[in-house]
Each structure stands twice: as structure tokens, then as C-alpha cells.
Number of protein chains: 2
Amino acid sequence: MARTTLHDWQDSLERALGLFWRKGFHATSLKDIEGALDMRPGSIYAAFGSKGQLFQEALERYARLALAELERVLASHESPLAGLAAYLRQLGGLCDHEAPSRACMLVKSLLELGEQERVARGKAEALLAGMETRFIACFADAQEAGELDPRLDPVRLGRRLQAEVMGLRSFAQRDIESAAVHAVAEDMAASLEALRSSTA
Amino acid sequence: MARTTLHDWQDSLERALGLFWRKGFHATSLKDIEGALDMRPGSIYAAFGSKGQLFQEALERYARLALAELERVLASHESPLAGLAAYLRQLGGLCDHEAPSRACMLVKSLLELGEQERVARGKAEALLAGMETRFIACFADAQEAGELDPRLDPVRLGRRLQAEVMGLRSFAQRDIESAAVHAVAEDMAASLEALRSSTA
DNA sequence: ACGCAACTTGAGTGATCACTCAATGCTACC
DNA sequence: GGTAGCATTGAGTGATCACTCAAGTTGCGT
């Protein structure tokens, strides 16, 4: 029939994700994307539609990976609270690994995008809501397991945890010693563990 | 001698601050600024030098106002810990007032600016460090007043508080019910108050 | 071997970007 | 009232923006 595609869609998306995560939406130009994907404008538009649509695909991929990582950490711990605490402690190591940015791409997008980019902004909001939902489910699970006082509100705890993660990762974006980030993460994790019922 | 200035420098800066706070650095164009200040490019450049310098002036003004507000709340409470808790609870009302943005402009800038805007980014970092310093001083004061266990580390507590404020305000930027933000703020404030020494 | 169709190219689109500067307007002083 | 001199104007600068499309390239079915 026809010529085979030269570029792998997933791989191109991965490269674009790195760019957008590091530089944000507005500061990333099509020139940057052309360079990172080694593609010319025509191919990019044929594959992804527009800069905005490419950004949205990148957002979704980011959120999928972030949720998968959370699931991985949760699965490797015996209880929901222990899993969440481990997740926080792992975030304490943000400064120690190379990544496009230490801040959460969803938060960066939430703070950067305005009315002009309504659709992408809405996507970021929805993906953050998804993370919140997962956090809430963890606390509900902890209650079912008798790990958490049943009088506490999982929704409230989930939202607080999301705010703490947002704050921790934004704090890590500062030009600061790795130890400071580890310490903040440790304190947050300890607070979480302090919720554990003494009867559990 | 000469013609008197038509525009008030402080007032112009205030308008620019509102724009930058709401839309961020990249999404704010000189056209936007011309409109908000009712000034033509020549006047803007004569008064502020460049878009980047105007942004930096706005950042500094923002930080000065934010610090002043913190001082105001602290002064109106009898103890450092009570003041900080009140500050957090006040942030819970972010959704209830009209403001350019519910998120902190320093955090928005920290997450948005890259290597291209190194100077402005550095300024945002320095101003955040100033806020951190003030938080730390509060905890040190609380220890001197016997309000806080002297074995705790004020630096560590100050950083954790900054991360929580960053997170709370970023969370408030979500399209969410005001009550949810109030609840997160209340929980953070309660955690802070739980630090109070039983002997105080 | 060939021709079609899908993929890729890259010069070019108009719009908008931050910014400049010669001309003009205005006021304070003489 | 004249004028010295700063404030202001706004059309215009080259660069860059996101994006298009006709032409070229290539692999697959026949």
C-alpha cells in the first residue's frame, strides 16, 4: 500500500513529554519540538494535530505513568498507609534523580494555563482529580483494614495528602539541598503514619 | 523644566502585578500590558526598562505585600504558633475573595521560568527563601517562648510549613469547592497547633 | 518492475512577539 | 509668552510564533 511510518508515535510522545514537563507549554516552541522529535512541522501536525493536542497527549501520558508509579509503590507495601508513607518518602529523593523537572507536570500546567488554553487546563484538572480519587481510595481501604480511625474522613485526608504532595514537589523545584527535601518528605510521611490506629 | 509624568509608577506596577500574577510571565504580552496600564510601548520601556525587569519589579512587590500580610496576621495573635495557624486558616478562604490568582505568584514563577529567564527565576527563589526564613524565625520564637519543644528543628519545621503553604495554594488553584480548601487549611493549622508543648 | 498511496519535507503563511525611535505634546520656569 | 526639556506617542523593526501545503520520497501490493 504505502510508505511505513519512520517515527514511533509513543517514542515521539515521550520526547515531547520531556520537553513540555521541563519547559512548560508556552516556553516550548515548535522549533524545540522539531528538534527533540527530529521531525519537520508537517509530520508533527500529521501525527498529533496541533501543539495543544500534543500537549494534552503528553499530559495524559504523564498522569498515566504517575498513577502507575503510585500503584507500584502501594502494591509493594503491606498496608495502604505504609504505601502512602513510602510514596512520600520516595518523593523525598526527587533531587537525587535526573528528570525533566522535580515539580509535578500537572501542577505546573494547572498554574500556567489560563482561559486561552481551556481544554488543556481542564485536562490537567481532571487528571489531578483522578490522583485525588486514588488517594481517597487508599484512605478508605485503610479504614476497611482497621488501620485508620473510622471517624476520619477519607475525602478530607486524600485532599490534604494531595496538597502535601503538590507542595513537596514544588518545594523540591527550589534550588535547595537534597537533604531539605528528604526532611520535608520524611516529616510528611511521619505525620501520615501517626494516623495509624493504635489498635491496628 | 519639563512635562510632568502622566502615570503613577506604583499604580502602573500594581496593574502589571495583577496581570503577571494571573497569566504568568510568558502568557502576558506587551499588548496586554499596554492595555492594563493604558500606556504605549515607549512609555512602558521608559518607566520599566523591559518586560523582564517589569516582571521582576512585580515579583518584588508581590513578595513585599505577602510578607507584610504574614506580619499583620502574626502581630494580631498572642503567640507565634497561633499566628501561623491563623495564617493557614486565612489561606483557607482563598476561594472566597477575588484575586488575580489563588496560587502564590512566587510558586507560579518558580515552576514556569526556565534557564532563559534566569534572573527573574533567581529572584523568585530568593523571595521564597525570604519567606522560609520568616517561617523559621517564627518557630524559633515559639521555642524561646516555651511554646514549642526545644528538641524540634525550626529550620525543618519552617521548610515543611512552606511546602504546605505552597501545596495549599496550588490545591486552591484547582476548580474545587471552597469548603475543600477550607478543610485542607484547617487540617494543616490543626497539625501546626498540635506541636504546641503541653507545658506552654 | 511498477505505480499507488501514505509519509515526510521545508519553504512559506500571516500573525504576533518584544522592542525602538523620531516626532509630537505638554508643563514648568524665565 | 517663549522656550527648554522630559514624557508620550505609535508606526515600524526584525525575529519568532504556530501552522500549511504542494512537492518529493519511499515501501508495499500486485
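Lettering follows sequence order; numbering is per chain, from 1. All of these numbers come straight from a predicted model, not from anything done at the bench.
When rounded to the nearest whole Å, the span between CZ of A:Phe48 and P of D:dA18 equals 16 Å. The separation between B:Ile33 atom CD1 and C:dA18 atom C1' is 10 Å, rounded to whole Å. D:dA7 atom P lies 16 Å from atom CG of B:Leu37, rounded to whole Å. In this structure, CG of B:Leu30 is placed 19 Å from P of D:dG12, rounded to the nearest angstrom. For the pair A:His26 NE2 and C:dC17 C1', the interatomic distance rounds to 13 Å; values are reported in whole Å. When the C1' atom of C:dA6 is taken as reference, atom NE2 of A:His7 falls 14 Å away, rounded to whole Å. Following rounding to the nearest Å, A:Leu6 (CG) and C:dA6 (P) show an atom-to-atom distance of 17 Å. For B:Phe20 and C:dA18, the CZ to P distance is 9 Å, given to the nearest whole Å.
Checking C:dA18, D:dC6, C:dC19 against the side-chain heavy atoms of B:Arg3 singles out D:dC6 as nearest. When distances run from any side-chain atom of B:Thr4 to the nucleotides C:dA18, D:dA7, C:dT27, the shortest one goes to C:dT27.
Contact check for B:Leu81 versus B:Phe139: side-chain heavy atoms found under the 4.5 Å cut-off. Contact check for A:Met166 versus A:Leu110: side-chain heavy atoms found under the 4.5 Å cut-off.
The two residues A:Ala82 and A:Glu147 make their nearest non-hydrogen contact at N-OE2, 3.9 Å.
Within residues 38-45 of chain A, the residues that place at least one heavy atom under 4.0 Å from DNA chain C are, in residue-number order, A:Arg40, A:Pro41, A:Gly42, A:Ser43.
For the OP1/OP2 pair of D:dA7 and a distance below 4.0 Å, the side-chain nitrogens and oxygens of B:Thr5 include no atom meeting the criterion.
Cluster membership check: A:Leu67 shares its hydrophobic cluster with A:Leu106, using side-chain heavy-atom separations under 4.5 Å among Ile, Leu, Val, Met, Phe, Trp and Tyr.
Checking side-chain atoms of B:Lys108 against main-chain N and O of B:Arg22 turns up a donor-acceptor pair under 3.5 Å. With B:Ser170 contributing its side chain and B:Gly167 its backbone, the two residues share no donor-acceptor pair below 3.5 Å.
Other residues, nucleotides and ligands contribute over 12 non-hydrogen atoms within 6.0 Å of the CD atom of B:Glu69.
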